[in-house]
Amino acid sequence: MIWLTWRQFRTQAAVVFAALAALAATLAVTGPQLADLYKAAGSTLVDRIPSADQTLYYAGLMVVLAVPAAIGMFWGAPLIARELETGTHHLAWNQGVTRTRWLATKLGFGAAAAMTAAGLAALVVSWWSSPIDRAVNDGGATDTYFSRLDPMAFAARGVVPVAHAAFAFVLGVALGLVIRRTLPAMAATPVLYAAVQIAVPMWVRPHLVTPDRTTVPIRTGIPISIQDESAKEIVVHPDLPGAWLTSQQTLNAAGQPSSPPSSFADCLYGGSDIPSLQHVDRCIADLGAQGYRQQVTYQPASNFWALQWAETGLYLGLALVLTGFCAWWIRRRLT
């Protein structure tokens with residue numbers, strides 16, 4: 001059964017692992033130069049990275065993010081849906097192989113390959129990007145590169161991609177079992193996977209590890225964003241290198257949550273012209289003089305590995321739940 005599964009699976013696996021080998025070779029050539037540049041430049045590395053390395057940084061990020069989705073779509077969804085669609089699963093079950101063993105072999109072999117592929121991709125990309133990640137965590141001022149806790153980079157670093165790949169693969173298999181048609185299952189898999197990938201950073205990940213909070217005075221000299229012309233929401237950008245700011249709220253002089261007063265909007269937009277930078281600074285200073293502050297909730301850079309392991313457990317748990325669902329479906333609903 002293992003040999004047959006390998007025969008059916010080897011082409012897709014060969015394509016993915018060949019692509020990963022090419023990526024690893026490219027990063028192995030350029031990585032040592034980037035590491036040497038970090039040793040010489042420290043946190044200022046982010047201002048000195050060549051454009052070619054900047055392209056590689058984003059390419060590596062996109063590859064690691066795409067690998068689990070591609071695995072779910074091209075490995076997981078067709079794995080069983082194709083056999084159900086053609087009816088060849090009946091032949092396998094008539095050769096002395098139970099449906100449970102048939103499913104376990106396919107799931108086990110495919111999940112191991114998926115986790116290996118995602119793990120290798122994350123390993124080489126994390127290694128190559130580590131000088132940039134360290135420079136950002138050291139306080140390197142940049143709007144170009146992400147901290148490791150940023151939702152864009154977090155899913156492409158550490159051990160989380162391995163769990164994402166396991167979940168995406170089993171999700172594809174489960175959809176293939178239910179839909180029983182290859183192309184619809186392949187189309188549905190990345191959609192559902194993307195929905196989960198959006199939902200977890202927004203509503204789940206910020207609470208996997210207890211966040212830190214700090215209160216920041218509202219004053220000039222601290223970067224502050226004004227969300228709209230009503231000026232009912234402001235966002236401060238405190239100096240917290242490598243941190244992930246998850247939420248914030250404005251506090252009044254009594255320490256109670258409050259929107260900025262209407263006088264703040266009048267100060268900003270009372271005239272007919274777009275306010276100058278000096279005018280904005282004066283309005284912000286007046287707001288701070290009234291005792292307004294900003295409470296910032298964030299995950300510090302030191303929580304990176306705690307969040308990594310917590311989310312890895314979450315996705316592996318989801319993969320196990322889907323595995324149980326597949327076993328139940330094939331026993332009770334599949335004829």
Side-chain angles (χ1 to χ4, degrees), residues 43 46 136-155 194-308 310-311 314:
S43 63
V46 294
V136 173
N137 278 1
D138 289 344
T142 177
D143 294 324
T144 306
Y145 304 100
F146 305 106
S147 72
R148 293 192 304 170
L149 281 178
D150 187 279
M152 281 296 296
F154 185 83
V196 174
Q197 287 291 85
I198 292 170
V200 168
M202 290 182 65
W203 296 303
V204 180
R205 187 184 299 160
H207 309 291
L208 290 176
V209 176
T210 303
D212 288 354
R213 287 185 175 85
T214 186
T215 301
V216 181
I218 295 176
R219 57 178 174 81
T220 57
I222 296 178
I224 295 178
S225 302
I226 301 166
Q227 295 299 89
D228 52 47
E229 291 191 1
S230 66
K232 292 298 184 183
E233 183 179 354
I234 62 176
V235 176
V236 303
H237 304 277
D239 185 20
L240 296 169
W244 175 33
L245 307 185
T246 57
S247 66
Q248 52 183 282
Q249 60 182 173
T250 303
L251 306 178
N252 59 23
Q256 301 299 318
S258 172
S259 297
S262 58
S263 58
F264 180 59
D266 294 339
C267 178
L268 286 174
Y269 305 109
S272 57
D273 298 328
I274 297 175
S276 65
L277 182 60
Q278 293 80 7
H279 183 76
V280 171
D281 284 346
R282 186 167 60 252
C283 294
I284 290 173
D286 289 343
L287 186 65
Q290 296 176 50
Y292 282 86
R293 295 160 295 172
Q294 199 77 357
Q295 185 182 73
V296 179
T297 303
Y298 67 99
Q299 291 287 351
S302 59
N303 282 357
F304 174 77
W305 281 109
L307 283 167
Q308 280 274 316
E311 185 159 323
L314 171 67

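In this chain, residues are counted from 1 in sequence order.
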Are any non-hydrogen side-chain atoms of Pro151 and Trp244 less than 4.5 angstrom apart?
-> yes
Is a side-chain N or O of His279 found less than 3.5 angstrom from the main chain of Tyr269, in a donor-acceptor match?
-> no
What closest approach, in Å, do Pro261 and Gln290 show between heavy atoms, and which atom pair accounts for it?
-> CG-OE1, 3.9 Å
Give the table of side-chain donor-acceptor pairs shorter than 3.5 Å for residues 295-305, with sequence neighbours excluded, one pair per line with atom names and distance.
{"unit_1": "Thr297", "atom_1": "OG1", "unit_2": "Arg213", "atom_2": "NE", "d": "3.3"}
{"unit_1": "Gln299", "atom_1": "OE1", "unit_2": "Asn303", "atom_2": "ND2", "d": "2.7"}
{"unit_1": "Gln299", "atom_1": "NE2", "unit_2": "Pro206", "atom_2": "O", "d": "3.1"}
{"unit_1": "Gln299", "atom_1": "NE2", "unit_2": "Val209", "atom_2": "O", "d": "2.7"}

Counterpart residues, side-chain hydrogen bond (donor to acceptor under 3.5 Å, both in side chains), relative to Asp138 (two or more places apart) = Tyr38
To the nearest 0.5 Å, tell me how far Thr214 OG1 sits from Gln248 CD.
-> 11.0 Å
Please report the shortest heavy-atom distance between Cys267 and Asp286, naming the atom on each side.
-> SG-OD2, 4.5 Å
Distance, nearest 0.5 Å, that separates CG of Leu208 from CG of Leu314 | 6.0 Å
Are the side chain of Gln294 and the backbone of Ile234 linked by a donor-acceptor contact shorter than 3.5 Å?
-> yes
State, to 0.1 Å, how close Asn252 and Arg293 come at their nearest heavy-atom pair, and which atoms those are.
-> O-NH2, 3.5 Å
Kindly say whether Phe154 contributes a backbone atom to a donor-acceptor pair with the side chain of Gln308 at under 3.5 angstrom?
-> yes
Spacing of Ile218 atom CD1 and Thr250 atom OG1 [to the nearest 0.5 Å] = 5.0 Å
Which heavy-atom pair separates Asn137 from Pro241 by the least distance, and what is that distance?
-> O-CB, 3.4 Å
Distance col, row Leu251:CG vs Thr215:OG1, nearest 0.5 angstrom, shows 6.0 Å
Between Ile222 and Pro217, the two heavy atoms sitting closest are CD1-O, 3.4 Å
Exercise: identify the closest heavy-atom pair between Val236 and Leu245 = O-CD1, 4.1 Å
Which residues pass the side-chain hydrogen bond (donor to acceptor under 3.5 Å, both in side chains) test with Asp150, sequence neighbours left out?
-> none
Please step through side chain to side chain contact (heavy atoms under 4.5 Å, CB included) for the pair Phe264 and Cys283, ending with a clear verdict.
-> CA-CA 7 Å; Phe264 180 59; Cys283 294; 4.1 Å; yes
